[in-house]
Amino acid sequence: PVTQSPVWRALSPQHDQTLFEERHLRYISPLGKGNFGSVELCRYDPLGDNTGELVAVKKLQPNKQSTQEDFQKEVNTLSVLHCDYIVKYRGVCYSMGRLSMSLVMEYLPYGSLIGYLESNRHNVNTRRMLLFASQICKGMEYLQTLRYVHRDLAARNILVASESLVKIADFGLTKIIPFDKEYYRVTQPGESPIFWYAPECINESRFSHKSDIWSFGIVLHELFSFCDMSCNPKRHLFCQTATPSISMHLANILKNGWRLSAPPHCPPKVYSLMKQCWAYNFEERPSFTSLGNQIEAIMQDERENLKG
Ligand SMILES: C=CCCn1cc(-c2nc(Nc3ccc(C4CCNCC4)cc3)nc3[nH]ccc23)cn1
């Protein structure tokens, strides 16, 4: 029937719950900046009586690094992901006037993990950090089953849904690994978060599930150091990989065995997980399944220790 045609669905918002009409999307406040764009808190209020739901709306900010095509890929990626540990896609909003599109997602009230840890450091204990770590692991395990490589796994891209639930967000750099290869080679120069990059990403722009594992190790370190920038080498080591000096230096010290030291009060078993993720040779790094099991085992130990 014509009412099921893609065009009909796209043009008739009331029939397609994934299409948000701009005139009902009421801006409230800014939420943050991600890859390719900024995210705003809006209320989708078709009845106009403030009973509508709060949503997070990501708008593309076209600049030298990001294009409409990249943004469309991010929307397509998020729209096929259905996992408790990945931020939920709600739909899109076309504003014809600006011929542009916005990505509508579920609003997570506590914001990014970085801010949460910094403002809650005194009541986030080891057990809660291990719970968050195991949830990120499960989200990444799901992503890998669909052959996606996130490429930007970092505490800034983890969102806190509740006191006991975190979700992976920002799929702007996510790529799908071709069926005949085990890695994805990027050519785009652009700003690269090299501190979260595995050696092979810095040296050869070679991204794989195993480079996501390396980044997960950095996220573990961020978690257990409460994302405290002071007690660690400058994390804002965002730089053009084209800046050979910094990325070459980092690649060299990593090759010579330098790694981040254990965060203060970090349980030895957790630090050993980080070291596993930071194996120079990507084949020696664990899988997210293995990491998840090891984290569950440490959580079990913590429970028993608590019982004394
Ligand atoms: C993924 C990181 C890069 C891009 N990005 C995504 C978001 C984002 N944020 C939220 N909620 C949120 C809630 C409270 C606060 C506050 C602000 C004032 N200071 C304290 C913290 C901030 C954010 N929900 C979301 N759903 C989907 C995306 C999304 C934000 N930035």
Side-chain angles (χ1 to χ4, degrees), residues 17-18 20 25-44 52-63 65-66 70-93 101-124 132-133 135-136 139-140 142-143 148-174 190-193 195-196 212 215-216 218-219 222-223 226-229 235-236 238:
Q17 81 286 1
T18 66
F20 291 77
L25 210 49
R26 307 246 300 279
Y27 172 80
I28 298 177
S29 62
L31 291 177
K33 286 211 175 308
N35 289 302
F36 309 147
S38 61
V39 182
E40 301 168 343
L41 175 60
C42 296
R43 180 183 298 279
Y44 189 62
E53 64 165 340
L54 295 177
V55 287
V57 181
K58 183 168 186 176
K59 295 182 183 322
L60 173 69
Q61 257 159 5
N63 58 27
Q65 287 172 16
S66 66
D70 292 327
F71 190 53
Q72 184 61 61
K73 283 181 187 162
E74 176 177 358
V75 172
N76 298 346
T77 300
L78 197 61
S79 65
V80 302
L81 300 177
H82 303 287
C83 172
D84 291 341
Y85 308 110
I86 290 179
V87 69
K88 279 187 176 44
Y89 168 83
R90 297 300 316 283
V92 289
C93 173
M101 167 187 70
S102 300
L103 167 58
V104 183
M105 299 167 280
E106 67 171 323
Y107 168 63
L108 299 182
Y110 291 80
S112 91
L113 186 55
I114 283 201
Y116 183 79
L117 287 176
E118 281 170 350
S119 42
N120 290 280
R121 61 182 304 150
H122 301 299
N123 50 26
V124 176
F132 288 170
Q135 291 171 344
I136 298 164
M140 288 306 297
Y142 168 80
L143 208 57
Y148 280 114
V149 180
H150 189 282
R151 294 190 51 241
D152 197 11
L153 190 55
R156 64 180 172 275
N157 286 333
I158 304 294
L159 293 169
V160 184
S162 77
E163 310 269 312
S164 58
L165 179 62
V166 292
K167 301 193 180 197
I168 302 168
D170 212 283
F171 293 82
L173 299 180
T174 300
E191 278 282 281
S192 299
F195 207 93
W196 282 262
D212 274 350
S215 305
F216 177 79
I218 304 284
V219 172
E222 293 184 278
L223 252 175
F226 301 97
C227 297
D228 185 351
M229 297 302 166
R235 286 292 180 66
H236 295 298
F238 271 71

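The chain is numbered in sequence order, starting from 1. Numbering of ligands and ligand atoms starts at 1, following listing order.
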Exercise. Donor-acceptor pair, Glu106 side chain versus Lys88 backbone, under 3.5 Å?
Worked result: yes
Problem set entry | Check: Leu153 main-chain N/O paired with Asn157 side-chain donor or acceptor under 3.5 Å | no
Exercise. Can Arg151 be said to sit on top of Trp196's aromatic six-ring, NZ or CZ under 6.0 Å from centre and within 45° of the ring axis?
Worked result: no
Problem set entry | Val166 backbone acceptor or donor facing Gln135 side chain under 3.5 Å | yes
Exercise. Is the closest side-chain heavy-atom distance between Ile158 and Phe132 below 4.5 Å?
Worked result: no
For residues 32-39, run the donor-acceptor check on the side chains, cut-off 3.5 Å, and write out each pair with its distance to 0.1 Å, sequence neighbours left out.
from: Asn35; atom 1: ND2; to: Asp152; atom 2: OD2; distance (Å): 2.7
from: Asn35; atom 1: ND2; to: Asp170; atom 2: OD1; distance (Å): 2.8

For ligand 1, run through the N/O pairs with the protein that fall under 3.5 Å and put one pair on each line.
from: ligand 1; atom 1: 11 (N); to: Leu108; atom 2: O; distance (Å): 2.7
from: ligand 1; atom 1: 24 (N); to: Leu108; atom 2: N; distance (Å): 3.1
from: ligand 1; atom 1: 26 (N); to: Glu106; atom 2: O; distance (Å): 2.7

